[in-house]
Every structure is written in structure tokens, then in C-alpha cells.
> 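What follows is a structure written as C-alpha cells; I'll ask about it next.
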Amino acid sequence: MTSVYRALPKAELHLHLEGSIEPETLRELDPELTLEEIAERYRYEDFRGFIESYKWVLGRLRRPEDYALAARRLLARLAQENVGYAEITLSAGVILARDQKVGPILEAVSGEAAQSPVEVRWVLDAVRQFGSEEAMRVAEAAAEYAGLGVAAFGIGGDESLGPVEWFDEVFAFARRAGLHLTVHAGETVGPESVWGALRLGAERIGHGIRAIENPALVAYLRDHRIPLEICISSNVATGAVASLKAHPVRALYEAGVPIVLGADDPAMFHTTLSHEYELAAHEFGFTEDELRGIAENGFRYAFVGGFQ
């Protein structure tokens, strides 16, 4: 049935470039790696285990050309999935922390995007646990490189180690610079994390599944039409939900919260965007009409309009 969902015109709004790198591409980047080693690294018991593996993958991206290869492979897969528009997150906080330059990397990946049928915008992501000063460096880079297709600034990483209250000034700067704002929140920490993201001015919430625990928050998201970027396979793999059956995607949808589906880190979670639609249909009873509406949300809530 995945072919049915592959044919559906889609936008991908929650997608990390670094987490999209398939084992074969990793071996192109580092021929000494074995498929067995990669498979072991792409297996996790909890969110912190995933973060360690994510850092390991990032260690294989040493040059702008490496990022370009990752983008080229990802964009080819998105085109095969009939994804017409994608907002791809780049871990700029890690790039800067490693004393790499954001500009040459953005030029490299934007060059690949220019050759793809997929319309691409970039989200520069800061790492919560690195603190506010490092996050400001990312926000400043996002503002500087808006001409290379950067549409938004966001924060990710470990919610428990980087509370949103650290980032008031950073988000105020990003807003003044004309950037859109997104926050990973309510993934591994409860509703208070989502409330904090909203106070920062987040226009979309990455994950946000723990919002289901607070009826007032659910009502706020519904009434203010603030979408959640739901990544089912990701949440199961990292232990953010206890099991697939326990995922609140259906409850959030029925409560009227706008949702979009995303693959998050597709290679690392062994999924695709089309597979996320298949899971929604087969495991949670979403109808074809409902899934078409969710696919339309991907275009409706994009940070750049005109691609619906």
C-alpha cells in the first residue's frame, strides 16, 4: 500500500538532513565503515541513545561536499516519493560548535537543491543543551544566509537539558530578522515544554505529542491553528511513546489540532514519509480523505507559500 501514499502529492516539514543519510551513503563518506557497524549505530533504546548515534553520523560530515552528497541522495528519494516541497533542517548548531563554516555548507546543499524538482527551504537548528549564546550564533547565521533559502530558525536537542526560558532573546532576534520560528517540544518533556515554545513565538511545534496530556493546551493549539509536526516512527524508536498503539496522533487529530506528518530522521528510523502515511492509515484508521487533508496541511502550514 505504500505506493498509494507515495503517489500522493506531499510536503515534508519535519526532516533532518543529517538523519536522512542511508547506510550506503555513509559508506561513500567513510569507506571503512561496515554495514554491520552502521546497523548497530542505527539501533536505539531511548532518546539519549538516538542522540549519541546522531552525533556519530554528524562526525562523518567533514566537508561541504559531504553535505552536498547527503542532500543529493535525500532529494532524489523525496522526488521519488512525490514530495513537491520540503523544509529541511540543518544542524547548524553542531556545524558551528565544530568550527565549521555554515556558508560553504549552505552553498553546497543549495546547489543540489537547485538541480532538484523538489522546492527546498532550509531551517537552521540550534542545540538546546549548548545554551543561548551558541543558539544566537545559529540565529545570526540564519539571518545572514536567508538569501540561500533559509526560511526559519529553530531549536532541537534534549528538552530536559535546555529549557526554552534560556532562549527568549534569541527568538526575539530571529523574529526581528524576519525568520519563521519552530521548536522541538513536547517530545520527551511534558506540556509545559510546548507552552514554553509558544511563548517564544513558535509557529509550528516539532512533535508536540505530550500536548495531549493538557486539555487547555490542546484547545489552544486547535483554536490558534498551530500545527504539530507528527513523526510516528521516530517517537516509537526513541521511546517518546511506550508503543505504536500508544501514540496520540489519532487523539490529537480528533481533538481538532492541525497536524502534518514527517519522517524526522528517515534513515535512522527506517522509514519514509510515505510509510508514515501508511502507518496512519493501517494503525490509526485514518481514511483516504483524512490523509489527503493532512497532506494538504503540509502545504498550508509551510513557511513559504505558493506550493499547494
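Counting from 1, the numbers follow the sequence of the chain as shown. As the structure is a prediction and not an experimental result, all values here were calculated from the model.
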> Aromatic rings Phe286 and Phe284: how do their planes relate, parallel, tilted or perpendicular, breaks at 30° and 60°?
perpendicular
> So His14 and His16, would you call those rings parallel, tilted or perpendicular, with 30° and 60° as cut-offs?
perpendicular
> Any ion pair linking Arg73 and Glu28 (charged N to carboxylate O, less than 4.0 Å)?
yes
> Looking only at heavy atoms, which two atoms of Ala143 and Leu179 are closest? And how far apart?
N-CD1, 3.8 Å
> Salt bridge between Glu288 and Arg292, side-chain N to carboxylate O under 4.0 Å?
yes
> Return the minimal non-hydrogen interatomic distance between Phe303 and Ala151, and the atom names on each side.
CB-CB, 4.4 Å
> Does this structure show an ion pair linking Glu140 with Arg137, if we count only N-O contacts that are shorter than 4.0 Å?
no
> Decide yes or no on side-chain contact (heavy atoms from CB on, under 4.5 Å) for Phe130 and Leu96, but give the supporting numbers first.
CA-CA 11 Å; Phe130 289 1; Leu96 291 170; over 6 Å; no
> Begin with the C-alpha distance, continue with both residues' side-chain angles, and end with the deciding distance and a verdict on side-chain contact (heavy atoms from CB on, under 4.5 Å) for Asn235 and Asp264.
CA-CA 10 Å; Asn235 298 150; Asp264 199 0; 5.8 Å; no
> Under a 4.5 Å side-chain heavy-atom rule over Ile, Leu, Val, Met, Phe, Trp and Tyr, are Trp56 and Phe269 clustered together?
yes
> Please indicate whether Glu45 has more than 12 foreign heavy atoms, meaning atoms of other residues, nucleotides or ligands, lying under 6.0 Å from its CD.
no
> Taking side chain as C-beta onward, heavy atoms only, is Thr182 less than 4.5 Å from Glu87?
no
> Do Leu200 and Val189 belong together in a cluster built from hydrophobic side chains that touch within less than 4.5 Å?
no
> State whether Glu12 and Arg77 are salt-bridged, where the test is any N-O pair (Lys NZ or Arg NE/NH1/NH2 against Asp/Glu carboxylate O) under 4.0 Å.
no
> In Å, rounded to the nearest 0.5 Å, how long is the span from OG1 of Thr238 to CD of Glu187?
5.5 Å
> Between Glu276 and Thr271, is the side-chain hydrogen bond (donor to acceptor under 3.5 Å, both in side chains) condition met? List the steps.
CA-CA 7 Å; Glu276 297 302 295; Thr271 191; 2.6 Å; yes
> Which value, rounded to the nearest 0.5 Å, describes the distance between Ile205 atom CD1 and Ile259 atom CD1?
14.5 Å
> How long is the span from the CD1 atom in Ile51 to the CD atom in Gln129, to the nearest 0.5 Å?
6.5 Å
> Is Arg204 salt-bridged to Glu229, cutoff N-O under 4.0 Å?
yes
> Do the numbers put Arg199 on top of the ring of Phe171, so that NZ or CZ is under 6.0 Å from the six-membered ring centre and no more than 45° off the axis?
no
> Quick check: is Met268 connected to Val123 through a chain of hydrophobic side chains (ILVMFWY, heavy atoms under 4.5 Å apart)?
no
> If you round to the nearest 0.5 Å, how far is CG of Leu252 from CD1 of Ile230?
5.5 Å
> What pair of heavy atoms forms the shortest contact from Asp125 to Gly156, and how long is it?
OD1-N, 3.2 Å
> Charged N to carboxylate O below 4.0 Å: is that the case for Glu290 and Arg250?
yes
> For the residue pair Val150 and Ala142, what are the closest heavy atoms and their distance?
CG1-O, 3.7 Å
> State, to 0.1 Å, how close Phe153 and Val170 come at their nearest heavy-atom pair, and which atoms those are.
CZ-CG1, 3.5 Å
> What's the separation between atom CD in Glu165 and atom OG in Ser132, rounded to the nearest 0.5 Å?
12.0 Å
> Could you tell me which non-hydrogen atom of Glu213 sits nearest to which non-hydrogen atom of Pro191, and how far apart they are?
OE1-CD, 3.5 Å
> If you round to the nearest 0.5 Å, how far is CG of Leu61 from CD1 of Ile95?
8.5 Å
> Set out, in order, the CA-CA distance, both residues' side-chain angles and the distance that settles side-chain hydrogen bond (donor to acceptor under 3.5 Å, both in side chains) for Ser91 and Tyr54, then state yes or no.
CA-CA 10 Å; Ser91 294; Tyr54 192 83; 2.9 Å; yes
> Side chains of Arg48 and Thr188: is there a donor and an acceptor less than 3.5 Å apart?
no
> Check whether any side-chain heavy atom of Val241 sits under 4.5 Å from a side-chain heavy atom of Val236, and report yes or no.
yes
> Using a strict threshold of under 4.0 Å (side-chain N to carboxylate O), is an ion pair present between Glu40 and Arg43?
yes
